[in-house]
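Note: hydrogens, waters and symmetry copies are ignored here, and every other heavy atom, side chains too, is used. Just so you know, ligand 1 is whichever comes first in the structure, and atom 1 is the first atom listed for that ligand. Everything numeric in this text was worked out from a predicted model, so none of it was measured.
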Amino acid sequence: VSSRIETDLCVIGGGSGGLSVAAGAVQLGARVVLVEGGEMGGDCLNFGCVPSKALIAAARRAEAMRTAGAFGIRAIEPEIDRAAVADHVRGVIGAIAPHDSVARFEGLGVQVVRSFGRFVSPRELEAGGARILARWFVIATGSRPLVPPLPGLEAVPFLTNESLFGLRETPAHLLVLGAGPIGLEMAQAHRRLGSAVTVIEARRALARDDPEAAALVLARLRAEGIAIHEETQVAAVEGGTGGVTLACTDGRRFAGSHLLVAAGRVPATAGLGLDAAGVRHDARGIAVDAGLRSSNRRIFAIGDVAGGPQFTHIAGDHAGVVIRRALFRLPARVRPDLLPWVTFTDPELAQAGLTEAAARARHGGRLEVVRLPLASNDRARTERADEGFAKLMLVRGRPVGATIVGALAGETIQPLALALSAGLGAGALAGMISPYPTFGETAKRLAGQYYAPRLFGSPRIRRLVRFLLRL
Ligand SMILES: Cc1cc2nc3c(=O)[nH]c(=O)nc-3n(C[C@H](O)[C@H](O)[C@H](O)COP(=O)(O)OP(=O)(O)OC[C@H]3O[C@@H](n4cnc5c(N)ncnc54)[C@H](O)[C@@H]3O)c2cc1C
């Protein structure tokens with residue numbers, strides 16, 4: 001150890017969560033050290049959200065060319081240059097990267113240490129030859145792809161989200177292990193970019209989502225030619241010339257040219273010296289309270305490593321909680337009931353707050369559910385994207401959850417996410433003047449569905465109107 005650094009806040013990991021804490025804290029006047037051993041920007045920028053959405057965007061263009069016939073434009077089978085697609089993905093990452101760069105953070109006043117860090121005591125971290133003593137530490141080291149202990153897997157070349165986006169040729173037949181959001185997003189993107197695709201899932205696909213909405217996504221994926229096998233356990237992986245075979249416990253065998261492992265994530269805690277720091281952790285991640293404090297009260301954990309839902313916007317929300325706790329000493333907490341998430345398949349599946357099943361379990365008979373088919377939205381009709389539905393779960397006129405499956409669902413759900421986080425009632429949504437024709441009108445129309453039977457079906461209101469008309 002050659003130097004010693006004393007600071008207010010030391011952030012370990014420069015991804016979605018860590019960068020948000022570092023940028024916020026330094027601009028509020030704290031001394032901040034950021035320790036990042038890999039790529040600045042973390043998973044989201046380099047191996048996650050950004051490349052996956054850029055690949056999906058390319059795939060959507062390809063699909064639009066195949067399906068243009070409905071609009072009176074001759075459909076064609078697109079010629080796909082996978083190397084150029086990979087360059088497009090690289091280019092998008094490159095365009096966003098300066099925002100997450102060492103230069104930007106140093107410009108903000110953050111001291112950036114480009115090295116992996118390891119705790120050597122409850123108050124000290126060693127990184128890049130320096131010993132860092134901080135008043136607060138924030139562990140934001142993210143997660144890594146889970147590689148299941150399947151016999152034979154380590155002996156075959158397989159892809160994960162860390163290698164997939166570098167691929168410069170079209171896989172002839174991509175096998176995808178895991179039908180969660182990542183597995184299915186990549187399955188559809190690859191199918192549309194010209195690969196045969198087979199997905200194997202041990203349990204149910206999109207298991208965390210509303211089953212009715214998930215079923216609609218799966219039906220569309222299957223209609224596009226993706227084979228999805230749920231409740232199917234892989235027993236062993238076999239390599240061969242130019243391919244991989246998944247041997248299943250029921251005797252079925254699935255052969256492909258490439259294998260993508262998207263079977264879950266493991267928290268990135270290895271090598272962090274958590275035991276030396278007195279930070280309790282297990283296979284799910286670092287144990288934290290609702291204020292994201294670990295068993296060492298000077299050490300917070302945020303984002304994927306904190307064992308909860310794994311999304312960039314959650315890591316960002318966590319960053320806000322830590323800043324309010326550490327710098328303002330406010331009793332900020334995470335609010336898991338308000339969580340929104342989107343699966344970027346086509347159709348998109350967006351959820352905010354409780355699913356219908358969770359809302360029913362929580363609120364029982366007080367729960368009201370209103371729904372609309374996407375076909376009732378005129379913009380969805382003009383776009384010929386009218387497959388899907390929206391539903392809103394309410395308790396005494398206040399939204400507790402929303403599910404939308406359909407084109408642009410991740411955009412359409414935004415006002416409903418606002419209603420949840422701001423505690424707005426259905427009246428605020430119904431009173432919004434929503435421009436026509438937009439997908440976004442759905443939020444207002446759902447609130448309208450809630451009021452319609454109360455207003456139009458009520459004999460009392462009809463009597464009142466008839467009385468007022470007589471005056
Ligand atoms: C394919 C894919 C698609 C995704 N799509 C979406 C999406 O569309 N929307 C969404 O919200 N989320 C998405 N996610 C999830 C999202 O990427 C993560 O939830 C998010 O990146 C978590 O942020 P984080 O700060 O916890 O970790 P990360 O962003 O992964 O950052 C952790 C950083 O810590 C560094 N690090 C690790 N250990 C150490 C150490 N000991 N010392 C120093 N540095 C260390 C790593 O190098 C890394 O840069 C996707 C994930 C994947 C894999």
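- Taking OG1 of T442 as the reference point, atom CG of L374 lies at 6.0 Å (rounded to 0.5 Å).
- Between K444 and E441 there is no salt bridge, since no side-chain N of the basic residue sits under 4.0 Å from a carboxylate O of the acidic one.
- Under the 30°/60° scheme for interplanar angles, the aromatic rings of W136 and F300 are found to be tilted.
- Ion pairing between D43 and R265 holds under the 4.0 Å rule for side-chain N and carboxylate O.
- The pair E126-R118 meets the salt-bridge criterion, since a charged nitrogen lies less than 4.0 angstrom from a carboxylate oxygen.
- Contact check on E387 versus R220 returns a salt bridge, with a Lys/Arg side-chain nitrogen under 4.0 Å from an Asp/Glu carboxylate oxygen.
- Within 4.0 Å of ligand 1, the residues that place a heavy atom are I12, G13, G14, G15, S16, G17, V35, E36, G37, G38, E39, G42, D43, C44, F47, G48, C49, S52, K53, S115, F116, G117, A140, T141, G142, N161, I182, R265, L272, G303, D304, Q310, F311, T312, H313, A315, F344, listed by chain and number.
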